[in-house]
Every structure is written in structure tokens, then in C-alpha cells.
There are 2 protein chains.
Amino acid sequence: MGERDPTLMAGVPELVVLRLLAEREMYGYEIARTLKVLSRETLSLGEGVLYPALHAMEARGLLRPRPRQVEGRTRIYYQLTARGHRRLERLTANWQRMSAGVARILGTSDHE
Amino acid sequence: MGERDPTLMAGVPELVVLRLLAEREMYGYEIARTLKVLSRETLSLGEGVLYPALHAMEARGLLRPRPRQVEGRTRIYYQLTARGHRRLERLTANWQRMSAGVARILGTSDHE
DNA sequence: TTCTATGCCTCGTCACGCGAGGTATAATCG
DNA sequence: CGATTATACCTCGCGTGACGAGGCATAGAA
């Protein structure tokens, strides 16, 4: 029942969300907007991806919800747990290994 | 019925297989081995991934099978079609955009 | 009042990655 | 000779995750 690796599948949403939350706590809507800006439009998580992902990560103990009322609206801020930090490191390492692998393949003209 | 993009999901297997076949025609087993070596063990396509992927790509007209008998064993070499080349370009561009996006997120300490 | 932005949510689909298993031949090694 | 290893193909079934489309509610602007 340990954390299951995304094997080859990207698992990008989980990775980037964890990364953002490692910086500071944020709420869903904010995460989506920030992601768009930082990635310069190349990464956009639809809400149909984002919210289910957040719930799943919460259920796995990777983040802790911090609901707040702000100007009549409910925001659910999320904090990374210790587990979440560990997960982030792991996923980051995986991503780097695998994207490096892909880069090597893509840059292959048979040299090296 | 045009080619469906892997949205955010990696679609790495399809991408790397197309890339290898762009270089020269190869058969399944060879692809698996080559991939391992070139990516330095970081990318390994199990046969449960590779063969279904090859069949799917063939069905979509991205590659053309070239069966041959070699030393009593059957090898199915695959050639990239024109469609396959176009698909490769597209996927490559997508991959680069998105991995750049991820890299930007990962490298975020709030600067830039 | 109607529209836009904020802010949350769920449901159903679909494709895909993957492990486990299966077949068959050729070569190698005891 | 028999067993094991490498080659070479394949399928089935599972799980999960990405996604679009939709829905609810409030605040403020037009």
C-alpha cells in the first residue's frame, strides 16, 4: 500500500500540484491559474482533473485541507504533509530520469 | 477521426517507438532492447506495452509491417508511413512544450 | 438583470500502461 | 539426451488517471 509510481505514465498533474504546494499553501482555483502562468500556457489542468486529483491526494495523506471563508466564498487551501514532501521528491526524481531518457531518444541520430 | 493528442498523459511509448523507427526499420524485440540501451535503462517498455502499441499504431496507419523469416524465427519489421512521420513531429513538439512547462514549474523558487 | 469571474464539485468515459501469462523455435550447456 | 536460456511473437484483464461536460453558488460589473 505504499505510494504507487506512475510507471511510465506522466502523472504530471500530481507532480506539479505537489511542487506548487511545496512553495506555499494554495487553493484549487489558484493552483489552476498559477500553473497556467508559470508554465506559460503549456500546462493547463482542467477542473475535471484538478479537483479529483486534490481529493485523491488528500485521501492518500499527501496534503491537508485548510478551508477558509474569504469574501463570502469558500476556499480550500491545501498544505503539504511530510508524506507529500517525500512523494514530491520521489516523483521529481522519476520525472527527471524519464524525461532525460526521452530526451536521449529524441536526440538520437545514431551518434553516441 | 484525426490523431488524438495525449493531452497531458505522456504517450511516451508511442513517441519513442516512432522516433526509433524514423531512423531505420526495426522489429519489436529489437525496439525493446534498443530503447533500454539508448535510454540507459530508464525507459523500458514491457512487451505488454510494446506489442499492443505497435498494433494500435499499425491500425492507425502510422506504420507498415514487414514480416520476414530470419533463421527460422519470424520477425515483424516496422516501417514508418508518411502519416507516422507527421505524427512523430506533432508528438515531439507536444512533448517539448510540455516537458519545458514541467521543468519551469519544478525549477520554481518563485523567481522569474 | 444578465453576464463574468470566482470557487467548489461529480459523473461517465476512454485510453493507456502494465503484469502475468501463453506459444514456439534455436542454441547452449550439463 | 534433457533442461535452460535467448529470441520472438502474442493476449487478457486490471487499474487508474486524464478529461469533457455538466452542475451549484456567490460577488461584482455592465
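All values below come from the heavy atoms of this structure, side chains included, with hydrogens, waters and symmetry mates left out. Letters A, B, ... mirror the listed sequences (proteins, then strands); counts begin at 1.
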Min side-chain heavy-atom separation A:V102-B:R19 under 4.5 Å: no

If you measure from OG1 on A:T34 to CG on A:L43, what distance do you get to the nearest 0.5 Å? 12.5 Å

Please examine the side chains of B:Q69 and B:T74, heavy atoms only from C-beta on, and report whether any two atoms are closer than 4.5 Å. yes

For A:Y27, the ring-ring contact (aromatic ring centres under 6.0 Å, His included) test, sequence neighbours excluded, returns A:Y77

For B:R33, answer base if it contacts any base atom (sugar-phosphate contacts may also be present), sugar-phosphate if it contacts only those atoms, and nothing otherwise; contact means non-hydrogen atoms under 4.0 Å. sugar-phosphate

Main chain of A:S39, side chain of B:R104: is a donor-acceptor contact present, judged purely on distance under 3.5 Å? yes

Between the protein and nucleotides 23-26 of chain C, which nitrogen or oxygen pairs are less than 3.5 angstrom apart?
from, atom 1, to, atom 2, distance (Å)
C:dA26, O4', B:R73, NH2, 3.1

Calculate the interatomic distance between B:Y27 atom OH and D:dC9 atom P; express it in whole Å. 7 Å

Listing time: all N or O pairs from protein to nucleotides 9-14 of chain C that are below 3.5 Å?
from, atom 1, to, atom 2, distance (Å)
C:dC9, N4, A:E47, OE1, 3.1

Roughly, in whole Å, what's the span from CE in A:M98 to C1' in C:dC18? 15 Å

Would you indicate whether the side-chain heavy atoms of B:V17 and B:L45 approach each other to under 4.5 Å? yes

Distance in angstrom units between B:R68 CZ and D:dA8 P, rounded: 12 Å

pair B:E14-B:R87: side-chain heavy atoms closer than 4.5 Å: yes

What's the CZ-C1' distance between A:R75 and C:dA5, to the nearest Å? 12 Å

Nearest-angstrom distance from the residue atom OH of A:Y29 to C1' of D:dA27: 13 Å

So A:L18 and A:T92, side-chain contact (heavy atoms from CB on, under 4.5 Å) or not? Walk me through it. CA-CA 10 Å; A:L18 285 176; A:T92 302; over 6 Å; no

Spacing of A:E30 atom CD relative to C:dT6 atom P, expressed in whole Å: 12 Å

May I have the distance from B:M57 (atom CE) to C:dG17 (atom P), rounded to whole angstrom? 10 Å

Rounded to whole angstroms, how far apart are OH on A:Y77 and P on C:dC8? 9 Å

Looking only at heavy atoms, which two atoms of A:L35 and A:V16 are closest? And how far apart? CD2-CG2, 3.9 Å

